[in-house]
Enquirer: 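One structure is given below, represented as structure tokens, and several questions about it will come after.
Computed from heavy atoms alone, side chains included, the values below leave out hydrogens, waters and symmetry copies. Below, read A as the first sequence line, B as the second, and so on, with proteins coming before strands; counting in each chain starts at 1. Keep in mind it's a predicted model, so treat the numbers as computed, not measured.
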Amino acid sequence: MDIQRIISLAFTGFFVIILFFIIIRSLILMSKDMSAPQEERENILKLTVLEIGENRNLRKGATMSISEETTFGRKNDNTVVLTDPYASGYHFRIFPHEGRYVIEDNKSTNGTLLNGDRLEMKTYLKKDDMIRVGNLKLKVKVS
Amino acid sequence: MKDAKIRMLIPIFLLTFAMFFNIAVFQPVFDIGALIMAAVMCVLIAYAHFVVNKFFSSGDKFLVTFMSVLPVIGIAVLYRLNPDIAIKQVLWFIIGMSVYIALVIILPDLKRFAKLKYLYLAGTVVFMAMATFIGETRFGAKNWVDLGFISFQPSEFGKIFFVFYLASSLKNFSTLKSLLEPGIIVLVSIGFMVLQRDLGSAMIFSFIAIAMIFAATSKVKYLLASFGVGALGALMSYVLFPHIRRRVMIWLKPWEYAANESYQIVQGLYAMASGGLFGQGLGNGSPEYIPVRESDYIFAVIVEELGMIFSFGILIIYFLLFYRNIRSALKARSTFTSLLAVGFSVMIAMQVIVIIGGVLNMIPLTGITLPLISYGGTSMLTVFFSLGIIQKISEEA
């Protein structure tokens with residue numbers, strides 16, 4: 001075996017290792033994704049109301065439990081109706097995805113603040129996130 | 001980076017740079033161009049991963065990984081065969097990826113495209129028929145159209161329209177009568193392919209149609225009936241056309257015609273046999289003996305130089321790609337999008353089976369490209385377009 005053959009073999013071995021690493025890694029990630037829906041049922045998102053703002057129907061310190069798609073806004077058919085004039089008709093929504101929860105602003109006029117920044121796109125919620133609409137402040141607790 | 005799927009970028013980058021470094025080292029002068037090419041592709045792949053994972057995180061995140069790995073391998077092998085072609089292929093990779101990203105970003109809800117049935121019908125018929133009248137013959141099939149400034153394979157675009165048409169017409173399946181119109185269109189399309197002697201495409205169109213009809217009706221009797229019609233058609237064309245009889249003949253007895261008709265198959269088999277488990281090493285084989293090594297026969301080159309184990313890895317990646325595609329079909333919200341995803345995933349999977357089966361001489365050889373790996377702009381565009389649509393459909397789940 002000449003030196004070029006040995007180097008080639010080393011290279012090919014390396015390619016094979018990486019290719020199969022990619023395959024196995026994808027399989028592991030896929031199996032994680034598959035088992036996620038079962039955990040979803042136990043996984044409930046809890047929102048604590050820190051400030052009620054102009055929303056007379058909410059109570060400071062109360063906790064909301066979310067397990068499916070929940071919409072927030074001024075219109076009456078929202079899951080949580082906001083009375084704050086600052087809020088839009090359909091202001092934002094929270095929905096589960098792959099065992100986690102996603103918050104999406106519904107192109108509201110005045111925007112939704114997540115940890116102080118205006119929400120531009122769908123974002124996964126994590127523990128201790130602060131959601132703010134007008135003077136309404138919600139804090140995320142994941143059980 | 002926190003996201004586990006973004007972390008998949010690291011092995012992809014490693015693979016890209018290792019392959020191009022391998023090629024660069026074995027050149028007489030160290031080839032810095034190869035590394036620049038690797039860097040360009042890494043930037044592109046990173047951008048695609050970023051877009052899909054950060055902005056459209058509700059969609060499938062594995063597609064983009066698989067569709068980055070395959071072209072990288074393809075371009076590395078092409079670069080080793082012929083650097084000029086590889087540069088063109090990188091351009092096609094960039095264009096394809098841009099089409100894919102553009103589809104993901106700008107395409108609105110796919111359901112509203114379900115109504116344009118007659119547009120798809122017209123597109124299908126025009127593209128299928130085009131090469132029959134103004135086509136030119138390459139490698140025995142009259143399936144290329146040269147418009148002076150650009151030459152392309154109209155049947156590749158026809159495939160897209162074909163899947164769209166079938167999805168929009170089969171979504172309202174109620175009785176056998178509603179299968180009449182799509183059935184005629186399928187037969188006309190396949191008829192044109194047979195006239196153009198493009199047997200590979202004829203085979204793929206048949207399997208797309210069978211899969212989509214079965215997915216739409218979910219009745220075994222239609223499946224058996226369409227297989228029956230397909231078998232009858234195959235038998236008829238065997239009797240009618242001498243070039244099909246020749247294909248079957250060299251498939252059954254490749255060694256008897258090794259110097260003439262089956263030269264290509266035999267050279268491919270020699271090349272793969274000399275590769276063995278670990279291959280000759282990238283750049284050490286003798287692919288110059290294999291005809292059409294850049295497009296249809298690229299799999300033989302890969303087996304020869306990178307070995308059987310690596311090639312099995314490629315097949316597994318194709319399988320995973322198909323699995324993810326069908327998974328988005330199952331999770332799609334409307335029948336139209338679900339059928340679209342079935343059609344496109346069967347299209348890609350059948351192309352892989354038909355050409356690799358042909359190269360290994362397990363089925364009669366018909367010249368088509370290996371999706372995402374072979375050299376070919378039209379094929380690259382078609383596959384990226386299909387994957388873009390599937391990526392969009394996967395967001396519905």
Enquirer: Is A:Q4 close to chain B through its backbone or its side chain, or both, or neither, when contacts mean heavy atoms under 4.5 Å?
Expert: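 Backbone plus side chain of A:Q4, per the 4.5 Å heavy-atom cut-off to chain B.
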
Enquirer: Within the supplied structure, the quantity of interest is the number of heavy atoms (other residues, nucleotides, ligands) at a distance under 6.0 Å from A:Y124 OH; does it exceed 12?
Expert: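 Counting other residues, nucleotides and ligands, OH of A:Y124 exceeds 12 neighbours.
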
Enquirer: Side chain from CB out, backbone as N, CA, C, O: work out which of these in A:F15 comes under 4.5 Å of a heavy atom of chain B, or both, or neither.
Expert: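 Both parts, heavy atoms under 4.5 Å.
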
Enquirer: How far apart are the C-alpha atoms of A:F14 and B:L15, what are their side-chain angles, what is the distance that settles it, and do they pass the side-chain contact (heavy atoms from CB on, under 4.5 Å) test?
Expert: CA-CA 8 Å; A:F14 187 61; B:L15 184 68; over 6 Å; no

Enquirer: Quick one, A:S26 and B:M8 - any side-chain contact, counting heavy atoms below 4.5 Å?
Expert: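 They are in side-chain contact.
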
Enquirer: Pick one of side chain, backbone, both or neither for B:N22, based on which atoms fall under 4.5 Å of a heavy atom in chain A.
Expert: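 Its backbone and side chain both get close to chain A.
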
Enquirer: Checking heavy atoms, do the side chain of A:T12, its backbone, both or neither come under 4.5 Å from chain B?
Expert: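 Only the side chain of A:T12 comes within 4.5 Å of chain B.
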
Enquirer: Measure the CZ-CG distance between B:F62 and A:L27 for me, rounded to the nearest 0.5 Å.
Expert: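 Those atoms lie 8.5 Å apart.
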
Enquirer: In Å, rounded to the nearest 0.5 Å, how long is the span from CD1 of A:I23 to CZ of B:F312?
Expert: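 Reported value, rounded in 0.5 Å steps: 12.0 Å.
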
Enquirer: More than 12 non-hydrogen atoms from neighbouring residues, nucleotides or ligands closer than 6.0 Å to CZ on B:F17, yes or no?
Expert: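 Yes.
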
Enquirer: Nearest 0.5 Å please: distance from the CG atom of B:L14 over to the CD1 atom of A:I18.
Expert: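 Atom-to-atom, B:L14:CG and A:I18:CD1 are 5.0 Å apart.
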
Enquirer: Please check if atom OH in B:Y289 has more than 12 non-hydrogen atoms from other residues, nucleotides or ligands closer than 6.0 Å.
Expert: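 No.
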
Enquirer: What's the separation between atom CZ in A:R25 and atom CD1 in B:I10, rounded to the nearest 0.5 Å?
Expert: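 Atom-to-atom, A:R25:CZ and B:I10:CD1 are 9.5 Å apart.
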
Enquirer: Just checking B:Y270: does its OH atom have more than 12 heavy atoms from other residues, nucleotides or ligands closer to it than 6.0 angstrom?
Expert: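 Open: at most 12 neighbouring heavy atoms sit under 6.0 Å from OH of B:Y270.
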
Enquirer: Could you measure the distance from the CD1 atom of A:I7 to the CG atom of B:L282? Nearest 0.5 Å is fine.
Expert: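 Between atom CD1 of A:I7 and atom CG of B:L282 there are 13.5 Å.
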
Enquirer: Return the option, out of B:R327, B:E305, B:R324, with the maximum number of heavy-atom pairs under 4.5 Å with chain A.
Expert: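 Greatest number of close heavy-atom pairs with chain A: B:R324.
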
Enquirer: Take atom CG in A:N76; do more than 12 heavy atoms of anything else shown fall under 6.0 Å from it?
Expert: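 No.
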
Enquirer: Considering only heavy atoms from C-beta outward, does the side chain of A:I22 approach that of B:I12 to under 4.5 Å?
Expert: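 Side chain of A:I22 against side chain of B:I12, heavy atoms only: contact under 4.5 Å found.
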
Enquirer: For A:S8 and B:Q280, run side-chain contact (heavy atoms from CB on, under 4.5 Å): C-alpha distance rounded to whole Å, both residues' side-chain angles, the deciding distance at 0.1 Å, then the answer.
Expert: CA-CA 7 Å; A:S8 288; B:Q280 300 272 346; over 6 Å; no

Enquirer: Would you compute the distance between atom CZ of B:F26 and atom CZ of A:F11 and round it to the nearest 0.5 angstrom?
Expert: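 Going from the CZ atom of B:F26 to the CZ atom of A:F11 covers 6.5 Å.
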
Enquirer: Could you tell me which portion of B:I73 (side chain, backbone, both or neither) has an atom closer than 4.5 angstrom to a non-hydrogen atom of chain A?
Expert: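 Only the side chain of B:I73 comes within 4.5 Å of chain A.
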
Enquirer: Got a sec: does the OH of B:Y47 have more than 12 other heavy atoms crowding it under 6.0 Å?
Expert: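 At most 12 heavy atoms, drawn from other residues, nucleotides or ligands, come within 6.0 Å of this atom.
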
